Each structure stands twice: as structure tokens, then as C-alpha cells.
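Everything below concerns the one structure shown next.
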Amino acid sequence: MKYKNVTEGIFLLRPNRFTAKVLIDGKEETVHVKNTGRCKEILIPGAKVILEKSDNSQRKTGYDLISVYKGDRLVNMDSMLPNKVFYEYIPSFFGKTNLIKPEKTFNTSRFDFYIEQDERKIYAEVKGVTLEEDGVVKFPDAPTQRGVKHIKELCQAVEEGFEAYIVFIIQMKGAKYFTPNKATHPEFYSELKKAEKKGVKIYAFDCDVKKDSVTVGKEIPVKF
């Protein structure tokens, strides 16, 4: 995935979930944050950030905050990115497919992708990961009942004869392994573990993150 019109800035503060104050070319700007999650471990005052300039002159904010440096590591925090890069990666992951349908409803959940490959019928849910501690990446960074609901209904999909995947897109490079965040949301951890035993396939991939582009990198281990 490519970004255009990128520039650097210095993160100052985040007054709410949707905006941040960033210093750009010596001027304080209010920018849109493309992630409503907490991200407190990376959005630290003084951190260098990457922004994409909007081409919509009617917007209240002229920039989107898309990535932040955590030390020397560039972490993408655009919550729209995981689905986009996974969509680009589907031919490499599954091979040639007959159908790729985003946002397909099953029971009461809307999963990110429904895929058909000859006789295979597949539901895939994609989760973006930005939380990293000592090389270990974790999801979620806050309790997510929606995530638990997705896991349970993917298990139902398997029971009804579909294949089901949960794919964690690690929005950075250099992670040692992925683990569900038991301390933050024990139920998500336990339901994911149950789902694996029931046949839901769980994968994690890191990303090659550059200032103006992000692509899926390599598979990393999933540990419980």
C-alpha cells in the first residue's frame, strides 16, 4: 500500500481519540489520528511521526497521522491499513481465488473477507497490531467484546463447513512473536485459544513499514 504527500512532524499531545497536536515545519498543527485506540506506548510527546497531507481542501484537518517512530522502529498506526495490505497479500497467501468479497456478513458478524477458491469457502478476519513490548507484539491493547464475538462466530462458521482465519497484521518490523494480550483481556485470550483447537486458523505477519508504503512481510510465530 502506498501513501502520497508524506511529511515528518513531532508529536506534542493528543487531546482526544481523533486528533493530535503535531509540530510540522516549526508550526503547531491539529491533525487527524487514523487510529482511535489508546496507542499510549508509542504516542509519546517528542516522538517523530509521519503524516500524509490531505488533498481535500474542505477538511478541518490538513494531515493524517499514519506512523510513529518508537526508537529506530517505524510503527504504522493507520487502522485502515491492515485490511488493505492483507487484501493485496491474498494472492500470495491463498493463491488464485474465484471470489474475494470484503465485509461479508455471517450470522450477526460482518467479517473482513469472504473468499472462494474452487470448493473452498473461507471467512477471514483481520486485526491490526501496534502494541509491542520487548519484541513481543500483542492484541488487543484494550478489551474488545467485538473481537470476542468475532472469534465465537468464526468457530460457528467452521462448524457449518467453512474455513475460518484470524490474521493479525503486525504494523511494524522486527517482532519476535505474537501473543494474545491475556493481561488486558483474558476472555479474548481464552476464546482465541479455544478457536484454534476448534479449527480456526490463526496467523500473524509482520510488515515492511516505510514512510510512504507498507507491505506484508513475513509470518511470525503465534504463542499462547
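In this text, all values refer to a predicted model and were calculated from it rather than measured experimentally. Values reported hereafter were calculated over all heavy atoms of this structure, with side chains retained and with hydrogens, waters and symmetry mates removed.
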Taking only distance into account, with no hydrogens and no angle test, what donor-acceptor pairs under 3.5 Å do side-chain atoms of residues 9-25 form with protein atoms, sequence neighbours excluded?
from  : atom 1 : to    : atom 2 : distance (Å)
Arg14 : NE     : Asn16 : O      : 3.3
Arg14 : NH1    : Gly37 : O      : 3.0
Arg14 : NH1    : Arg38 : O      : 3.2
Arg14 : NH2    : Arg17 : O      : 2.7
Arg14 : NH2    : Asn35 : O      : 2.5
Arg14 : NH2    : Gly37 : O      : 3.3
Asn16 : OD1    : Phe18 : N      : 2.9
Asn16 : OD1    : Thr19 : N      : 2.9
Asn16 : OD1    : Thr19 : OG1    : 3.1
Asn16 : ND2    : Thr19 : OG1    : 3.3
Lys21 : NZ     : Thr30 : OG1    : 2.7

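- Panel note: side chain Gln117, backbone Thr97; no donor-acceptor pair is recorded below 3.5 Å.
- Donor-acceptor pairing under 3.5 Å is recorded for the side chains of Asp78 and Tyr3.
- Of the possible donor and acceptor atoms, one in the side chain of Glu125 sits under 3.5 Å from a partner among the backbone N and O of Asp112.
- Side-chain rings of Phe86 and Phe205 stay apart, their centers remaining 6.0 Å or farther from each other.
- Atom NZ of Lys34 has more than 12 neighbouring heavy atoms from other residues, nucleotides or ligands inside a 6.0 Å radius.
- More than 12 heavy atoms of other residues, nucleotides or ligands lie within 6.0 Å of OH in Tyr89, so this atom counts as buried by the packing criterion.
- You'll find the ring centres of Phe111 and His150 inside the 6.0 Å limit.
- Phe139 pairs by the ring-ring contact (aromatic ring centres under 6.0 Å, His included) definition with Phe168, Phe188, not counting sequence neighbours.
- For CZ of Arg110, the number of neighbouring non-hydrogen atoms (other residues, nucleotides, ligands) closer than 6.0 Å is 12 at most.
- Side-chain atoms of Asn107 and Gln156 form a donor-acceptor pair, as typed in the model, at a separation below 3.5 Å.
- Tyr165 and Phe94 have their aromatic ring centers within a separation under 6.0 angstrom.
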